[in-house]
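Chain naming here is simple, since letters A, B, ... match the order of the sequence lines and numbering starts at 1 in each. The structure presented is a predicted model; accordingly, all values stated were derived computationally and were not measured.
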Number of protein chains: 4
Amino acid sequence: MTQRKTKRTVNRLPPERRISDIMAAAREVFTEKGYSESLISDIAERAGVVEGTIYRFFTNKRDLLLRVAEEWYVEMISKDAAGFEAVKGEWNRLHYLIYHHLLSIKRDPGLSRLVFLELRPDPLYRETRLFTLNRDYTRRIADVVREGMANGVFRADASPSLVRDMVFGAVEHRTWSFLRSEGDFDPEGSAQALADMIYAGLLPHTELARDTVLARLDKVAGRLERAAERLAPPIA
Amino acid sequence: MTQRKTKRTVNRLPPERRISDIMAAAREVFTEKGYSESLISDIAERAGVVEGTIYRFFTNKRDLLLRVAEEWYVEMISKDAAGFEAVKGEWNRLHYLIYHHLLSIKRDPGLSRLVFLELRPDPLYRETRLFTLNRDYTRRIADVVREGMANGVFRADASPSLVRDMVFGAVEHRTWSFLRSEGDFDPEGSAQALADMIYAGLLPHTELARDTVLARLDKVAGRLERAAERLAPPIA
Amino acid sequence: MTQRKTKRTVNRLPPERRISDIMAAAREVFTEKGYSESLISDIAERAGVVEGTIYRFFTNKRDLLLRVAEEWYVEMISKDAAGFEAVKGEWNRLHYLIYHHLLSIKRDPGLSRLVFLELRPDPLYRETRLFTLNRDYTRRIADVVREGMANGVFRADASPSLVRDMVFGAVEHRTWSFLRSEGDFDPEGSAQALADMIYAGLLPHTELARDTVLARLDKVAGRLERAAERLAPPIA
Amino acid sequence: MTQRKTKRTVNRLPPERRISDIMAAAREVFTEKGYSESLISDIAERAGVVEGTIYRFFTNKRDLLLRVAEEWYVEMISKDAAGFEAVKGEWNRLHYLIYHHLLSIKRDPGLSRLVFLELRPDPLYRETRLFTLNRDYTRRIADVVREGMANGVFRADASPSLVRDMVFGAVEHRTWSFLRSEGDFDPEGSAQALADMIYAGLLPHTELARDTVLARLDKVAGRLERAAERLAPPIA
DNA sequence: CATGAATGAGTATTCATTCAT
DNA sequence: GATGAATGAATACTCATTCAT
């Protein structure tokens, strides 16, 4: 009649194992369904635990997501690290980082979406370890720029942070339709073209190639025009 | 018995007016609170209608958001159009578009977030008129590149779509902390630096042909003269 | 296949009716099961509405309980009011209030428990309308004491608030086992004995002045005559 | 691999010590947070044991609360016992018990609340040792009344149990706002006034002071009126 | 004896959308 | 056309208690 406790077989495991089981399950579920569609109960089941157990190790659902994303970043950072050290030359290093970033997105589009759409927009993102990890991850691009500037390979007035934004912004936009599951992208091709653009943009100004009479005149004319516009705006 | 109707003003307004009232209210609310925090009841109240009325003109909450975003794009596109036509020179045109895009984000961060976070990631985004509008909006960058290629100002192997992604991606990343309400950004400075990077990245690897220089000098001189004339017009 | 909306028959009723339906159902359920065991879904079902509808009229479950209790107090206060006015003499008025209070508890032990155990201990109880109602309800005892003091029937150094606490405290303790569903109690017997104790405790320590006795005898005789007349009215 | 045990101090203590540690911790926690807000894990931590250990000595959380309350009662009873014996005279004995009860509440408001709100309302309260202890504790008032009746100091028709309810009920009501942490109360003043009321209520009826012609007539009139009301209720 | 990881039941609340009046 | 009352689905989290080690 009064069916009470079903079983109650306490399956004792080392915490590290539990945590990694849960995180693996969470990564799966989050990746498949996105954050809000993911159910704690689903994650628990796949991890072979009960819902309550998840809350022994993770503050809440969001914390779990955060930890999964952090783990992913740690993975990405460490995985490339050795290879990166071996690469020489500014272009090659830019290319390496861009290419591997594209590969990571191709490998884990679900996690990428989560970071772009759930975690990064969060008002508390900056307080997050993920923010720090991401900063470390993206800083490598800026570091290459800084080195190039120190070597005299790149112009002295370049902006490392702008380059970082260009690279990661471009990659993100380039992969959006893929992240929306609509198409594919070519990591190698995109990496090459992007590296070329960035590299060329960073080279010092040669005589005729830039900032020559032509470019100067263009800019000056532009400034004059903008000034004129402010004084006498075109009749709309 | 208990007369309770607050007001019985069956406000019969022309549909266009209703629609614009609703969209104005929706824009306000969406901008202030983001999509999911926005309440249809709130929008209805600010628009001076009841919930049901909104559904006469809009399929659902998402459709309303979409229409608001579309209107914003139409606004942005038309607003810049005239000015853009007047701008000459590749660098200036790149700069113009980048600068005004940054200004739009600064002016309407709420709408920007909505597009980035709600609308664009949607699986059905491509079926949307917003997608088309955004394509038109961003195509202008690619068009500048194409023109430059045709003019011989830019290298023949440049990728207009990559440039588009670099520009809009970089802008987005540069403004993220602002969109998270954490800081500010300098539209003019960022626009200049970004235009410089892109421009330099697009120049031919070889020197410019001499005759091109001369031909373009003519053009530029002409523009200078016209600009000067606008600044100091001959006394009529 | 995709069984969606079950029905969707919108049953439109005047708000007063909905509210009273819900409150009636809530009173039933709360009375039967106590606060925390009561389910909103249960209340909704008995009221013939859907859960959401309850939240149109009541902020939350607790608010609903509060409103039910308030209604009960209003009921109790108004029900006794007319009768009370007709009662003359300090002892009789004390007795009347005590007796009817005991009757209320006997009639609605569930609500009594709720007030004693859920509502009154609440840290915000004083901010509640229920607090005000209860104050008005219990003040009547203190008022009788005050009147008696003014009339010289009771000693000048009596404490109306202490009497109030004695009366309502004693009643509560006397009915505890009943409220715990363990036994019964005798309202009439308890009311008499309690009124006697309180009355005696309030009399002046000295003897009554002779003329007072005579004056009051007149009044009492008059009341006796009128009462008798009501019992055996002259045949019309 | 990963050695993780924080401490391995298998603290083997005599059971009595364990029990008193746990009860002390429980008393603290229950007092501070109330029953349902109290966590077994919190109690365990403060007692320097783990959760499981508590269950070696106590059936469950409620049992622990019960034992804490019982201990409190034993404490209260034994503490006053000697002093009480030394007090002579009915008024003085009433006053002594009332005053010390008020002091106990003032000293341990948290435990008082627990008894009033958690333990006493329980359906199984009567089966509890706490019930017996409380009966012994409160019986002392009734005993004083009985003695007084035997001595001829109090009227023969007094009700010891009613007096008990009046005293403990009055005290409870008088201290409610204090127990809700809203104000304070004056033990000495309240004890005196309450003792006075009770004492006076228990004295034999003197000639003119009570139950004289006047009071008799009042009562009779009241009874007649009530009878009349039942026969012919006033038109509402 | 002690440990402490694992268990698992249980529910109030929101709000976009509908459709009878 | 307008109204706005009614609908109803959907889910994270807590913590007393147990029992394998």
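- Between I40(A) atom CD1 and dT14(F) atom P the separation is 11 Å, expressed in whole Å.
- Salt bridge R27(B)/D108(B): present, at least one basic N to carboxylate O contact under 4.0 Å.
- In this structure, I43(D) atom CD1 and dT17(F) atom P are separated by 11 Å, rounded to whole Å.
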Requested in this report: Could you please spell out the steps behind the side-chain contact (heavy atoms from CB on, under 4.5 Å) verdict for F30(C) and L111(C)?
Outcome: CA-CA 8 Å; F30(C) 283 143; L111(C) 286 174; 5.6 Å; no
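- With rounding to whole Å, I54(A) atom CD1 is found 11 Å from dC13(F) atom C1'.
- When the nearest nucleotides of DNA chain F are assigned to R56(B) and K61(A) by heavy-atom distance, the more 5′-ward of the two goes with R56(B).
- When rounded to the nearest whole Å, the span between CD of E45(B) and C1' of dA2(F) equals 17 Å.
- Counting non-hydrogen atoms under 4.0 angstrom, F58(A) reaches nothing in the nucleic acid.
- If you take CD1 of I19(A) and P of dA6(E), they are 9 Å apart, rounded to a whole angstrom.
- In DNA chain E, consecutive stretches of 3 or more Watson-Crick or G-U wobble pairs with both distances under 3.5 Å are given as paired ranges: E:2-21 with F:2-21.
- Figure legend: cation-pi geometry between R129(A) and Y73(A) absent, as NZ or CZ is not positioned both under 6.0 Å from the six-membered ring centre and within 45° of its axis.
- Protein atom CG of D63(D) is 14 Å distant from nucleotide atom P of dA16(F), rounded to whole Å.
- Applying the 4.0 Å criterion to OP1 and OP2 of dA12(E), one finds that S41(C) has every side-chain N and O outside that range.
- Electrostatic pairing of R46(D) and E32(D) counts as a salt bridge here, judged by a charged N lying under 4.0 Å from a carboxylate O.
- Looking at D63(D) and R67(D), their side chains come closer than 4.5 Å, going by heavy atoms from C-beta outward.
- Following rounding to the nearest Å, R17(C) (CZ) and dA5(F) (C1') show an atom-to-atom distance of 15 Å.
- Comparing L39(A) and R18(C) along DNA chain F, the residue whose closest nucleotide (by nearest heavy atom) sits nearer the 5' end is R18(C).
- A salt bridge is absent between R180(D) and D122(C); no separation between the charged side-chain nitrogens and carboxylate oxygens falls under 4.0 Å.
- Residues R62(B) and E51(C) each lie close to DNA chain E; by heavy-atom proximity, the contact nearer the 5' end of the strand is made by E51(C).
- Phosphate proximity of dT7(F) to T53(C): present, with a side-chain N or O under 4.0 Å from OP1 or OP2.
- Looking at which nucleotide of DNA chain E each of Y55(C) and Y55(B) is closest to, the 5′-most match is held by Y55(C).
- The CG atom of D42(B) sits 11 Å away from the P atom of dC15(E) (whole-angstrom rounding).
- Note on S38(D): only backbone sugar-phosphate atoms sit closer than 4.0 angstrom, heavy atoms only; bases stay farther off.
- In the set dA2(F), dG8(F), dG4(F), dA2(F) carries the atom at the smallest distance from any side-chain atom of F57(B).
- Y35(D) carries R62(D) over the face of its six-membered ring, with the cationic atom under 6.0 Å from the centre and within 45° of the normal.
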